[in-house]
Protein chains: 2
Amino acid sequence: MAQSTAQERNLRPSADATRERILAAALDLFSERSFEGATTREIAARAGVTQPLLNYHFKTKDELWRAAVDGLFDELDAALTARQEGLRGVDDLTVARLLIREFVHFSATHPQLHRIITQECKNDSPRMDWLVERHIRRNYDAVTAIFERLVAAGHVPNIPAPHLYYILTGAGPTMFVLAPECRRLAGIDPEAPEVVDAHADAVIELIFGHRAEERT
Amino acid sequence: MAQSTAQERNLRPSADATRERILAAALDLFSERSFEGATTREIAARAGVTQPLLNYHFKTKDELWRAAVDGLFDELDAALTARQEGLRGVDDLTVARLLIREFVHFSATHPQLHRIITQECKNDSPRMDWLVERHIRRNYDAVTAIFERLVAAGHVPNIPAPHLYYILTGAGPTMFVLAPECRRLAGIDPEAPEVVDAHADAVIELIFGHRAEERT
DNA sequence: GATGATCCTAATCAATTGATCAGGAAACAG
DNA sequence: CTGTTTCCTGATCAATTGATTAGGATCATC
């Protein structure tokens, strides 16, 4: 006979659902307020639970931070991997343009990603060590390898890959990371799909220029 | 008869010298650790004084933050104003290239600037309100006006000025803001003058491309 | 010489923080 | 029906934080 889960039967609250609500609240507050600026009381309130429950699900505040960041990078990896898989057989230049578009879109829908990165990687600390070795290095290696091939093929100006990496890492996400400032200064909503598309267009235009179009 | 100051006569410590040491320590720690992450005890220790002295010179932690940030923007304004004054009569394109170079260099020698901006402008708060209205808006207006003229003259691709502003604000400083990460990932020192020059070259190359050179 | 001002530290405080503990409610297993 | 497990909250704790207070040392002024 088919058996439904406790959650499906609308019985005792599922730990999984509560954990996910806590992780989502944690990610938002850690990225907006910093690790120290986000208190466990505020995270609990945002998740709709009491403060000691955080310690029930995650041993320490630091462990909660790591779990929240793991989930975020898992999502990024899944998005880029899926995109890249779907582009097998496509030429390097087109792939790169589309991956950058995907990256800008992911940055727009997940501004927490670069908020966390810029927050944790500005000074040496255990959290930066963990973040770089567990998540960032893999992306850095992949992105610089792609840029090296593009430079060699003449698709991108002769700029060292590390510089291209940091130019992209800055140019792509900053408008979305600073969305509150952008709304206030420019009076535009960085979350609007047409704004995100325009930004992806602009970043791609500046990195690749009209080179592919010149070839046509 | 010429009278020397107490400080010149090496007598009682000058309040000004102590204030400057406190401001420098505050700027470094606020930008590296966030407002909440930087404790008044750590700032005092870095400045070589005791914690209550911060309250003697600055009424509150928030007032100390504002004074530290004021000093930083004063320095930026002075640098850009002096540079711009020296370029009167030079054509728009050359001025823009040189101002961007100056901006990248300032970002390299003052990574605190964009650490503070990215930290405070990711969510609405009184500190962001103050920062935007007192300092950032003036720069935003000036930079977007320059970009609008450059686009109209065909020197820069037809990209809306707000997008160009955030692309520049991201591409220029990020390598220096994330200097500890960059050392660890890329094995290069973002503070090295040749690295700073290469980065300025790269940013200028991507924004302006070979357009000016094509005209020659 | 007395008094006031300046620059500073040690001690202290109230409030807040992250974590722990006791225990309740409800579902599950036998 | 009883005991166990799970998920959770209220109360509490030690440590930390930003700010306040008392007072010392030294210089300036009268």
Side-chain angles (χ1 to χ4, degrees), chain A residues 1-27 29-30 32-69 125-127, chain B residues 1-27 29-30 32-69 125-127:
Chain A
M1 198 94 46
Q3 281 182 337
S4 49
T5 65
Q7 191 173 353
E8 285 164 343
R9 292 202 298 276
N10 216 19
L11 302 181
R12 182 158 68 191
S14 157
D16 285 348
T18 306
R19 280 173 63 92
E20 289 309 312
R21 288 206 329 273
I22 290 173
L23 285 171
L27 188 64
L29 287 172
F30 280 141
E32 287 168 14
R33 311 265 182 92
S34 81
F35 183 85
E36 292 85 5
T39 68
T40 51
R41 280 165 178 76
E42 283 175 309
I43 293 170
R46 177 78 68 96
V49 299
T50 57
Q51 186 257 333
L53 192 64
L54 301 196
N55 291 101
Y56 175 80
H57 287 281
F58 305 91
K59 196 165 170 37
T60 64
K61 187 180 183 184
D62 191 68
E63 192 175 298
L64 171 59
W65 181 87
R66 292 181 190 219
V69 169
S125 74
R127 281 201 302 282
Chain B
M1 193 92 52
Q3 280 183 337
S4 48
T5 66
Q7 190 174 353
E8 284 164 346
R9 293 202 298 275
N10 218 18
L11 301 183
R12 180 163 67 195
S14 157
D16 284 348
T18 305
R19 281 173 62 94
E20 289 309 313
R21 287 206 329 274
I22 290 173
L23 285 170
L27 189 64
L29 286 171
F30 280 141
E32 287 167 14
R33 310 263 184 94
S34 82
F35 182 86
E36 292 85 5
T39 68
T40 50
R41 281 166 177 75
E42 283 175 308
I43 294 171
R46 176 80 68 98
V49 298
T50 56
Q51 186 257 332
L53 192 65
L54 301 196
N55 290 102
Y56 174 80
H57 287 281
F58 305 91
K59 196 165 172 35
T60 64
K61 187 179 182 185
D62 191 69
E63 193 175 298
L64 171 59
W65 181 88
R66 292 182 189 221
V69 170
S125 73
R127 281 202 302 282

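Because the structure is predicted, anything quoted here is derived from the model rather than measured. By convention in this document, chain letters (A, B, ...) are assigned in the order of the sequence lines, proteins followed by strands, and residues within each chain are numbered from 1.
Rounding to whole angstrom units, CG of residue A:D16 and P of D:dC8 are separated by 11 Å. Rounded to an integer number of Å, the gap from A:F30 CZ to C:dG18 P is 9 Å. In this structure, A:L53 places its CG atom 10 Å from P of D:dC7, rounding to the nearest Å. In this structure, the CD atom of A:E36 is 11 Å from the P atom of D:dG18, given to the nearest Å. Computed from coordinates, the A:L54 CG to D:dC7 P distance equals 15 Å when rounded to whole Å. At whole-Å resolution of the value, CG in A:N55 and P in C:dC21 are 11 Å apart.
Between A:Q51 and A:H57, the one whose closest nucleotide on DNA chain D sits nearer the 5' end is A:H57.
Contact record, A:S34 with B:E36: OG-OE1, 4.1 Å, taken as the closest heavy-atom pair.
Note on B:T39: every side-chain N or O is 4.0 Å or more away from OP1 and OP2 of D:dT16. Neither OP1 nor OP2 of D:dA19 sits under 4.0 Å from any side-chain N or O of B:T40. One finds a side-chain N or O of B:Y56 lying less than 4.0 angstrom from the OP1 or OP2 phosphate oxygen of C:dC7.
Against DNA chain D, the stretch residues 61-69 of chain B makes heavy-atom approaches under 4.0 Å through B:K61.
Residue A:T50 is in base contact, counting any heavy-atom pair closer than 4.0 Å across all strands shown.
In summary, the side chains of A:T60 and A:E63 do not present any donor paired with an acceptor at a separation below 3.5 Å, with no hydrogens or angles considered.
Remark: of the listed residues B:T18, B:L23, B:D16, B:L23 is the sole one forming a side chain to side chain contact (heavy atoms under 4.5 Å, CB included) with B:E20.
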